[in-house]
Structures are given as C-alpha cells and as structure tokens.
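Structure record follows, encoded as structure tokens.
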There are 4 protein chains.
Amino acid sequence: MNADELQASIDTVRTEVAALHAELVRYGLVVWTGGNVSGRVPGADLFVIKPSGVSYDDLEPGNMILCDLDGTVVPGSPGSERAPSSDTAAHAYVYRHMPAVGGVVHTHSSYAVAWAARGEPIPCVITAMADEFGGPIPVGPFAIIGDDSIGRGIVETLTGHRSRAVLMQNHGPFTIGVNAKDAVKAAVMVEDVARTVHHARQAGELIPIPQEAIDRLYDRYQQVYGQRTDARR
Amino acid sequence: MNADELQASIDTVRTEVAALHAELVRYGLVVWTGGNVSGRVPGADLFVIKPSGVSYDDLEPGNMILCDLDGTVVPGSPGSERAPSSDTAAHAYVYRHMPAVGGVVHTHSSYAVAWAARGEPIPCVITAMADEFGGPIPVGPFAIIGDDSIGRGIVETLTGHRSRAVLMQNHGPFTIGVNAKDAVKAAVMVEDVARTVHHARQAGELIPIPQEAIDRLYDRYQQVYGQRTDARR
Amino acid sequence: MNADELQASIDTVRTEVAALHAELVRYGLVVWTGGNVSGRVPGADLFVIKPSGVSYDDLEPGNMILCDLDGTVVPGSPGSERAPSSDTAAHAYVYRHMPAVGGVVHTHSSYAVAWAARGEPIPCVITAMADEFGGPIPVGPFAIIGDDSIGRGIVETLTGHRSRAVLMQNHGPFTIGVNAKDAVKAAVMVEDVARTVHHARQAGELIPIPQEAIDRLYDRYQQVYGQRTDARR
Amino acid sequence: MNADELQASIDTVRTEVAALHAELVRYGLVVWTGGNVSGRVPGADLFVIKPSGVSYDDLEPGNMILCDLDGTVVPGSPGSERAPSSDTAAHAYVYRHMPAVGGVVHTHSSYAVAWAARGEPIPCVITAMADEFGGPIPVGPFAIIGDDSIGRGIVETLTGHRSRAVLMQNHGPFTIGVNAKDAVKAAVMVEDVARTVHHARQAGELIPIPQEAIDRLYDRYQQVYGQRTDARR
C-alpha cells in the first residue's frame, strides 16, 4: 500500500466511523456525548475513533481522531488538536490483541447496563440471539478506566467466545466486529436482546433453546444471511 | 389478466411492500435489517418480499424481490440479483396453504418476543385486542429456519383461529392479513397489546373480558370499523 | 351568531382538531388509526371529530367530520362522505350531558390501558398529578361500544370529580377539557402519570401525598399556572 | 462590565437557555409545557428562565424571561409581558445561595420521578454514575410550591454533596451545573441512571461499586473528561 492508498483508506474509515455514530443515536443507545465507535484502518497499524466529549450533532470525518495501536494520536493528523475518546486505551488494547477485529463499539445502553450492574450474563432464549451471538452474552470483570484492565477484560472474555459482545460488570457493553459497521450492529443487537430477555424473564419462566438448535442457527446465520460477501457488513 | 395487467399488478405490490417497511420502523418493531413484509400479487401465483440484509433506508420498489409460491426468485425480474429475505420459505408456505392470505409480516418486536420466549399466549383483556384479534394471541411451535417447519407451524396455529398473529416460540410474531397493509397493521397491534398486557399483569390481577363481549366486539369491528370496503386496509 | 360567524367558528375547530391529532402521535399515545380527538363548536350544538380508520398522516381540516350532539353527521358538510370515528356516540353523549366540556379525547395509550385492564385507579403520589388532576385517576365501568353505555360511564364517573381523565375498565382513557387542546393535554398527562406511577410502585412502597397538600396544589395550578386566561389552553 | 457587555452577555444566555430546552425534548424528559431551564448571567445578579405554560415549539431567545435573584421579572425586558416559569422562585433561591451555580434545570422525567415517589435515593452501581455524580443521587424533602421550601430543600440537599441532581420527594429532579448546559447534561444523565438502575434492580441483586473506585472514577472524570476547559460544558 503506497501513501495515497493509505490516505484513501484512512479517509474511508473516517467517513464510516463518523457516520456510524448516527446509528447509536437512531437506536437510542447513547445520551449526550457518551458512547464511541472506532474502526481499524485495513492494512495499517492505525485506527480511527471519536473525539472525547463532542456532541453527536457535530461529528464529521474531519474531527474523527487517528491513533496508532498504542492509542497515541497521530501528530498533525486532522482532528489531532482534540483529545480522543476517554475509552481509547481499551479500543487500542483490543486492536493490538485481536488481529481479526476491525471495529469496536462501547455504549451505556440502558438494558445492557442493567444486566451489567448485576454481573449477570444474558441467557440465549431467543432465536435472533442464537443467530447473532451463538449463545449467551458473557460478563467481563469489574475494571475501571486508567490502565489496560478494561481492554484486557474485553479480550480475555471474548477470545474463543462466539459472542461479539461483552457486558463489563457495573459498566456496560463493548462489542467487536470484522469492521466498525459489524461492531455497531452487535451493539444494536445486544441492547435489543437485553431489553427483550429482561421483560421476558420478569413475567415468568423462560424456555431454553436446546444447544443443538443454537449451534445450527449460529452456523447458518454466519454463513448464509445477507447478501453474499457482505454478510457481516 | 394479460401481461400488461400482470405487470401493473406486480408493480403496485412492489410499491406497497417497499413502503410498508417504513411502518415497521415508525413503530419501532425492527432494528437493523431484521423483519420483513411480503404481499401476494393478486390473481397470480407470485409474491413480493424484502431482500435479505438490506438497510431499511435503502428499500425501494425496484429492489423488492418477486418470488413464486415455492419461494423461488423469478429469474431476471428486478432485484433478482439479490437474495430474498431469509424467511422467504415461511412466507411461501403460508401463501401456498392459506389462499385467503394476501400479506405476511415477521418481526422480532420486543414485547411480543418476550411472550414468545416463555411460550405464553397473550390473554385477551383489553377491548382493542378483542376488536382486532377476537381473543388471545396464540403461540406456535418451536421451529428453526431451514425447512418448512416455521411455515407449517404458522399455518397450523392460525388455521381456523380468529387471530391474525402467532407468536412462534422462542422466535417472534408472524402476522397475516388480507393484504400486506393488513398484515402490517396486525404486526403493529400485536406489539402494542404485548406491551400493554405485559405491564398490566406485572402490577396485579387482570380482569378477564367475558367471552360474549369479546365475540360482540370482534364481530362488530370486522364489519363496521373504518371506511366501508377499506375496512381492513 | 350569524351564518358567517358560525362557519368561521366551525372552520377554526376543524383546524384545531385536525392539528391536535399530531400531539397524540408526538407523545406516542396512538398506533395506526386508533385514538380520536373532538372539539365542540362554541355557541352551537355541534362538534368536530376525526373520521374513522384514516391514517394520522392524512388528517386535515377538510376531512374532519361535523356532527350534531346526537352524533349524526351534518349532511353535505365537508368530510361527510366518510364515517366519523367509531367512538362518536361516546363523544356526543359527553357533549350532551356535560355542557362545560369543550373537548373530548380517547386513546389506547399503553400504561393507562394497563391500569384499566386491572380496573385500578392511579393513586395521586406525584405533585404533577395533584396539579393537573387534583387526586387519583378514577376507573369507569366495563362498557362496550354499540349503545350509550360508554358515554354514560364517562359522564357518571367524571361528574363532580376533579379529574379530567377516566380509565374505562378493560378499554382505556377518555379525557375531557374546556376545549380540545385541554382534553389533549389531559390525555398526554394521564399516560405520563400512568407510566411513572406504574414504575414507582413496581419497585417498592409509594409515599402518599397528604390530602391537604393535594388540595393546595390543585387550587393553585388551576388558578395561576400558565399565561393568564390561557391557563387551560 | 459596561452596559453593552452586559447586554451581550444577557443575549448569549437567552440564546443558550432557549436552545437547551430542545435537549429536554430530544431526550424525552418533558411533556407538554412541563420542565424548565435557567441560566445565570455571568457577572450580574440576573438569570434567564423559560416562560410559564408556553409550548416547546414556541421557545426562542426573545421570549425567555430575565429575572433578578429574587425571581422578579426585570420590567420592560423582552418577554416581560409573560409570567416566568412557575418554578422561578426555586431557581432564584438556588442562585442566591449557591454562587458557583450557573444553571438550574427541573423536569418531571419519568423514571427519576418514580424514585422520588418512593423517596428513595438511586444507589451508585454503574460507573457512568460514579463519573458524573460521584455517588448516589440524594432525595430532598417533600415541599410544595408557594414559598421558599423547594429552593431551600434543593440547596440543603446539594450543598457539600458531589451530586448535581436531587430528587425532590413526590415531585421530581432538580439539577444544577456550572452553566445551563451542564445542568441540562445532569438532567439527561439522572433520568438515564434512574431508568437503568430501576431495571437492574427489578431483576435481581445489584453489585455495589467499592467506594474507593467511585472516588477514583469521579476525580478522574471531573478533571480529564472532554475537551480541556470545556469539560463540563
């Protein structure tokens, strides 16, 4: 990849990441300036992330922030006069340790946080959840901002797990994906299943789905859903 | 019906089906690309359905997909380069076995799925439900995608039943109607009653409606509500 | 009032009633074509009401329907080619028996219907409810459409009561006001308090407000809130 | 500050306060004309507040109302022909007794009012709450409109407390901030945590956050979040 190609790739990710934040707003996953989306720059040790404390109305490709995989802002790049999201270290840790991950999303979406406040995984009792996550949504450890502990908790919980979503205890969901759009889809779906299973269980006994059926649903969905190669986009 | 008339009829259904997906969005019944509406082409063994995995923002008459009653895409028709909804086989089964059905809708709307995750019918305790569904909303069997079992479960549950909605266990609601708009209305109403009766019952004892009153409400509504022949549209 | 003045008065009420339906949509009180607003024509034995089964997107002054106080459509008036709301008889009964009422609203708003499905009044535990309704929201009898029983239930429950809202058992809220806007405000507020008190009580013991404080809040609000004579508009 | 500078400062606050009301609508914190935002005029014994009983659609800088710190409308100022918010006395009391406060917000947001109706503080079990409020959201005394008791209850509860939000018993949340925007942010966040912790606790045991972690989160967030000096804006 030459310099022009790299620049074009960065610009594409800036545009995608800026636009995807609107999906967090559309689905009511965020309030005020909370929540953040990042996307890896394909073929480079870089990712693009939201600036800290900026209104969703004001996000645009030019104020997204370009970081290296240590979470350091690339000096002189557009937007570099601002601080990146306060969750940048956690995103960077995930990109360093999970090379297949192309996108990371964090929100405080309400029902997902409610499960996280009890430290309770969401059981897999609806077929859409089997399709998308292949089983329960796991809980990650209690970890607070300031060092690598959030990133490490995400990576340890999701490595080898089918789920692209983890509920960090007392904190909220982080989701990963093959790209930023895929991680945003996981963030949307985790709140949807968190809400649905919450209400289902408040009113009585849940019917479990047999593991064999979960496996078949997950395998099928990962292979055939959507339009060919665009399946996870 | 000559070829021009058939084409005009197909075009009308394409326009209706594309537009009706916006109602699923308006009423919050779907997230991301989930959910689907189909409509039978009057007088032909054909129906029109949503493509798989396409954003609601991008649906338009020209990318709706025309299928025969086996669920096979009509080769060379507009949109046929894409895959139809992954629920196409279930829609096709319903059209083959219920000739009076002109529209089918499937969503994962949250409160309806919550009842489905417990496999519990929604009791008829509000007059709007008696009007619209004539009794409880029944539950269909657990069935997973991949063969005719979802379609068969829908048909077996709804045949001879007043309700135009069935909650497929652990999955979610499917609704039918005299046309696509009528089935969409049923999808909107089933979520509305699922939410209302959920909250009602969480807080105490429900008062049943006498069967005789349910019968009178249902009969009246099916005959006189709305503007004359447009009653179910 | 001469004929021109009467016509101008009717036109004003048509415009108001058509526009006020948008408030039912804005606050999520209605789905599909459910719900209806009516307004009395000042100084005449007439009221204006929504047509039956027409989409909220299509309501405009010219398709509102003019009725006499028996609920009979005024022949030849604009919109008279359509049927009025199926709840017209209930509205007419209220106008005939409560001369101070200038507006009536009916919805199936979800939390209010949940209380109605249990036949349980909403207790007055929040000051906004004391302001607006002066006490609990009462429940009216079970009554089904087809004769005067709904209208009679509304009038018997609200006559001499501070509340402008009644929850008709198993059915839903009807609200009244000095004009259509005031009745719409009551419909918005009754859903708001139904939701808030539902959640409050699900989580523990409610603290009652002393009757003396309720009385002071109600008296003050009815006299001084808002902009002078526009207080209830 | 000369007269032109004062006028410019007043105009800026009028514009901010008018615009910030749209955030209450955006986040669903208010219905009809309920709720109000005020902002102190920097360097003067004045504040700007919403008029009473005016629709959110009609708020603009010119109809905001300028008051002195006794809550008296400044005669002849734009908007002074209208009455200020019925909560003006409470806002004025806060400005008189808490000189560091630059903005005050009051709403009847639904989940916050639900906690207030039980007189129960919201426990600090989510990290976003530790960040923003530094501990539980306290409850203030039952106090009704008409004298200084609401303002006094707010000031007594929040003085020396980390929280910028108080739940006035049976009434609802009041929030304060370094300016109007900061107080609006607190109003948005208090409803978000009220909803999330409500749902969390309905479904089981909450996991407490250790006090030491709360302290670290609060200290960090107050110092480093957001874009430099704009941190609380």
Side-chain angles (χ1 to χ4, degrees), chain A residues 19 22-23 26-29 109 111 122-132 181-182 184-210 212-221 223-233, chain B residues 25 28-35 51-58 63 65 79 81-87 106-120 122-123 139 141-147 149-150 167-172 191 194-195 197-203:
Chain A
E23 300 296 313
R26 183 203 296 235
Y27 290 108
L29 307 187
S109 66
Y111 284 94
I122 309 176
C124 184
V125 292
I126 54 184
T127 56
M129 206 177 153
D131 289 342
E132 192 70 35
K181 187 173 181 180
D182 187 38
V184 171
K185 183 185 180 191
V188 171
M189 296 304 293
V190 78
E191 179 65 6
D192 196 50
V193 301
R195 182 178 56 242
T196 299
V197 181
H198 172 86
H199 288 127
R201 200 181 57 173
Q202 289 303 99
E205 280 299 298
L206 300 172
I207 302 178
I209 302 181
E212 181 266 347
I214 292 175
D215 294 346
R216 280 169 57 201
L217 285 166
Y218 181 68
D219 290 346
R220 182 183 183 287
Y221 189 76
Q223 287 162 32
V224 309
Y225 183 73
Q227 303 297 338
R228 270 140 293 191
T229 60
D230 197 40
R232 290 283 288 277
R233 272 128 223 275
Chain B
V25 173
L29 308 187
V30 290
V31 298
W32 212 253
T33 63
S52 178
V54 173
S55 165
Y56 278 88
D57 294 345
D58 298 332
N63 59 24
I65 297 183
E81 70 283 5
R82 293 179 187 258
S85 165
S86 56
D87 296 302
H106 174 49
T107 79
H108 295 160
S109 66
S110 192
Y111 284 94
V113 173
W115 290 87
R118 295 189 310 273
E120 186 177 6
I122 309 175
V139 172
F142 179 71
I144 69 174
I145 210 162
D147 59 19
S149 59
I150 294 178
L167 306 174
M168 293 300 285
Q169 184 193 307
N170 294 111
H171 185 171
E191 179 65 6
R195 181 177 57 241
V197 180
H198 171 87
H199 288 128
R201 200 181 57 173
Q202 288 304 97

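A note on names: the letters A, B, ... follow the listed sequences, proteins ahead of strands, and every chain is numbered from 1.
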Nearest 0.5 Å please: distance from the CG atom of B/Asn170 over to the CD1 atom of A/Ile207.
5.5 Å
Can you tell me how far apart OH (B/Tyr111) and CZ (A/Arg195) are? Round to the nearest 0.5 Å.
8.0 Å
Check whether A/Met129 gets within reach of chain B through its side chain, its backbone, both or neither, counting any heavy atom under 4.5 Å.
neither
Judged by atom type as modelled, is there a donor-acceptor pair below 3.5 Å linking the side chain of A/Tyr27 to the main-chain atoms of B/Trp32?
yes
I'd like to verify something: which residue of B/His198, B/Met168, B/His108, B/Glu120 has the highest number of heavy-atom pairs under 4.5 Å with chain A?
B/His198
For B/Asp57, is it the side chain, the backbone, both, or neither that has a heavy atom closer than 4.5 Å to a heavy atom of chain A?
side chain
Between A/Val125 and chain B, with a heavy-atom cut-off of 4.5 Å, which part of the residue counts as in contact: side chain, backbone, both or neither?
both
Name the region of A/Glu191, side chain, backbone, both or neither, that has any atom closer than 4.5 Å to a heavy atom of chain B.
neither
Can you see which heavy atom on B/Ala117 is nearest to which on A/Ala200, and at what distance?
CB-CB, 4.0 Å
Once you round to the nearest 0.5 Å, how far does CZ of B/Arg118 lie from CD of A/Gln202?
10.0 Å
Output for pair (A/Thr127 OG1, B/Gln169 CD), nearest 0.5 Å, gives 10.5 Å
If you measure from CD1 on A/Ile209 to CD1 on B/Ile144, what distance do you get to the nearest 0.5 Å?
9.0 Å
